[in-house]
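So that the names make sense, note that chain A is the first sequence line, chain B the second, and so on, each numbered from 1. Everything numeric here is computed off the predicted structure, so don't read it as measured data.
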Amino acid sequence: MHEIVLKLVGVCRTAKLLTQLHSLTIRTGLLYDTHLAAKLTELYVELLPVHNGRKLFDEIPHPSIYTCNRILQRFCGNKRYEEVLSLFSSTFLFEKPDHFTLLFVLKACSALNALNFGKTIHGLGKKHGNIDSNMFLGSGLIDMYSKCGNMDDALRTFEEYSKPDIVLWTTLVTGYEKNFKPDEALAVFSGMVMTRGVIPDPINLVTVVSACTQLLNLKAGKNIHGFLIRKGYENPLPLFNALLNLYTKTGSIEYAGSLFRIIEEKDVISWSCMISCCAHNGATDRAISLFDEMIYKGVEPNSVCMISALQACEASCNIEKGRKIHELAFQKGLERDILVSTALIDMYMSCCAPNEAIMVFDRMLNKDAVSWFALLCGCVQNGMANKSMQIFCDMMASDIQPDATMMVKILGSCSELGVLQLTCCLHGYVIRGGFISNLFIGASLIECYAKCGSLEEAIEVFERLTDKDVVIWSSMFAGYGIHGQARESIKLFHRMVTDSTVRPNKVTFLSILAACSHAGFVEEGIEFFNMMLNEYQLMPESKHYAIIVDLLGRTGELDKAMCIINQMQSQVGPHVWGALLSACKIHQNAEIGEVAARNLLRLDPDHAGYYILLSNVYAVDGKWDDAAELRSSIKEKELKKITGQSVVKL
DNA sequence: TTAACGTAAC
């Protein structure tokens, strides 16, 4: 009977048969056989991951260490780490564990981040035997310390071994790499090769290449590439993939391409890396054709691969292909992956199809902060300020806490909407969320209040901020500028220069110049422009010139404005010519006006506003024929002037 | 019975 049951247990592969065998052993009293009970327990752990194999294990009268180890090993394999620790604690309280036992328990400690438990195991190992001679235990210990973020103890453990093997070295290098200490990882590796003369193997090099990738150290990676070619390792696919990843992250599309070509048996990771490399380095069409080629060759795409292909569609605004990949992801059941869905949202949003993005979002079963952020940013990007505000509220209602970046985005939408109450509300969130001293958010709040019409609130936010940086000061200058208070803006500028160590930058001067322009402070504006050039040695950009031209234009100094434009070292942008053209209209100078208009139309031939400005110049100068001709060419081109709008809710 | 490695979203 015993023999038969044991044989049946040996071939048992279903949970149903297992429970039948179990009751049989109970009825016949065979469960008291240690060997049989151990076999049954192992089967329980293997076949019924949710079943508590412990219960049966506890019924075994005298389990051997071997049986215990087998159970621990199976628990580890099923990621039931807490049960590993609990089984160990109850069984080995008085028993002496062997090296195998400790190894499985260490694995559980690593996974559970149980540093103190791990330290106890370390002590136990030392007490019970000579762990120094056991490399397996050594790598387990180093791995445990590394995964718990304790590299000091990892190194100390490593140093207890006088002749570490390649695995031990790799474990230490990996520890540094995984703890974001790539410099140390490379230092250990170099010590291993140069001082100790250990020859690296492909697995070791994978970690080293990962460290190079963290450092974006292309040169070291290329050396490893050369080394492995000289060595002629067999099938180092993971290493090839790691190198591909390095080339991808460093934007070395040429190296990636030539490596990719020589990989004989590419797996989905190799394809994903190459697709991602092309998608992020301007070769979007190639990325998409690589994806098609991969599908054609029968390689099963995973979510990572889908995401890379979707990014290629996003970068090239290829919505048609994006939709096809969406369909494929749906068929493969990959749309359920939160990362794929988020990539789909990004893709549709970048392709100006916010409604399709919203549909993807609505279908998502689980939404995390990133997916909400993608949706919110996309709506902002597509000019849907109202919708983005609604999304923000829905997100808060779903108990997702916004982070600082998200707050900056939503404040941007809010300032576009110009609704003061909303700004006050968001200000409340900023305070409750503990973001009040965040300078990025502070600058957004100042801008937001200023644009919503409440300069007082903007000033209050400004004054409360300690450690104001140049952005905060500049935001406040701009705030005054929006409200036409150039005098205050200038006063504040002098306060910044005298009371703080903050040095103005180009944006600072842009804000000040805009304030001067808005209030018609011609002399002061020109003074600041000169200060920027001479005192701070900042090279003005096209935007600064546009304001200066505008200011000179107001006083009718068109020749001087023209002269400044001719001396510009940076490229003359449309705003500069636009400012000149407006001035020409006011001062009825068709000659310079025409120069400005021709340049404008050269830069942006489809801008209806420029045609209208030019026709106005002709009209005030009495050149009615020219004006009429221009107006009809606008009609021919079917250009429409977009009417300017600005809203402030009171 | 036992140890080390690779890809993705903001």
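In this structure, A:Asn245 reaches the sugar-phosphate backbone alone: every heavy-atom distance under 4.0 Å involves primed, P, OP1 or OP2 atoms, never a base. Within the 4.0 angstrom heavy-atom criterion, base atoms lie near A:Asp165. Base contact: A:Phe100 has a heavy atom under 4.0 Å from a base atom. A:Ser210 comes within 4.0 angstrom of sugar-phosphate atoms only, judged by non-hydrogen atoms across all strands, and of no base. Looking at heavy-atom distances under 4.0 Å, A:Thr207 makes contact with sugar-phosphate atoms alone, never a base. Heavy atoms of A:Asp267 sit under 4.0 angstrom from at least one base atom. In this structure, A:Thr174 reaches the sugar-phosphate backbone alone: every heavy-atom distance under 4.0 Å involves primed, P, OP1 or OP2 atoms, never a base. Nucleic acid contact for A:Lys178: sugar-phosphate only, since backbone atoms but no base atoms lie under 4.0 Å from a heavy atom of the residue.
Under 4.0 angstrom from either OP1 or OP2 of B:dA9 there lies at least one side-chain N or O belonging to A:Gln311. Within the 4.0 Å cut-off from OP1 or OP2 of B:dA8, at least one side-chain nitrogen or oxygen of A:Lys249 is found.
For A:Phe75 and B:dT1, the CZ to P distance is 20 Å, given to the nearest whole Å. Taking atom CG on A:Leu310 and atom P on B:dT7, their separation rounds to 20 Å, with Å as the unit. Going from atom CE of A:Met135 over to atom P of B:dA3 covers 16 Å, rounded to whole Å. Atom CD1 of A:Ile199 and atom P of B:dA4 are 22 Å apart (whole Å). Here the C1' atom of nucleotide B:dA8 and the CG atom of A:Leu344 are 13 Å apart, to the nearest Å. Atom pair A:Ile307:CD1 and B:dA8:P shows a separation of 10 Å (rounding to whole Å applied).
Figure legend: A:Lys367 and A:Phe361 shown as a cation-pi pair, the cationic atom lying under 6.0 angstrom from the six-membered ring centre and within 45 degrees of its axis.
Picking from B:dA8, B:dC5, B:dT1 the nucleotide with the shortest atom distance to the side chain of A:Val304 gives B:dA8. Set against B:dA4, B:dA9, B:dT2, the side chain of A:Asp201 has B:dA4 as its closest nucleotide. Side-chain proximity of A:Pro238 to the nucleotides B:dT1, B:dC5, B:dA3 is greatest for B:dC5. The nucleotide whose nearest atom lies closest to any side-chain atom of A:Phe373 is, among B:dT1, B:dC10, B:dT7, B:dC10.
Side-chain contact annotation: A:His326 with A:Tyr348, donor-acceptor N/O pair under 3.5 Å present. If you check the side chains of A:Asp143 and A:Thr171, you find no donor sitting under 3.5 Å from an acceptor.
Between the base of B:dA3 and the side chain of A:Ser139 there is a donor-acceptor pair shorter than 3.5 Å.
The distance from the SG atom of A:Cys148 to the CG atom of A:Asn113 is 4.5 Å, given to the nearest 0.5 Å.
Side-chain N or O atoms of A:Gln311 include none that pairs as donor or acceptor with a backbone N or O of A:Ser276 at under 3.5 Å.
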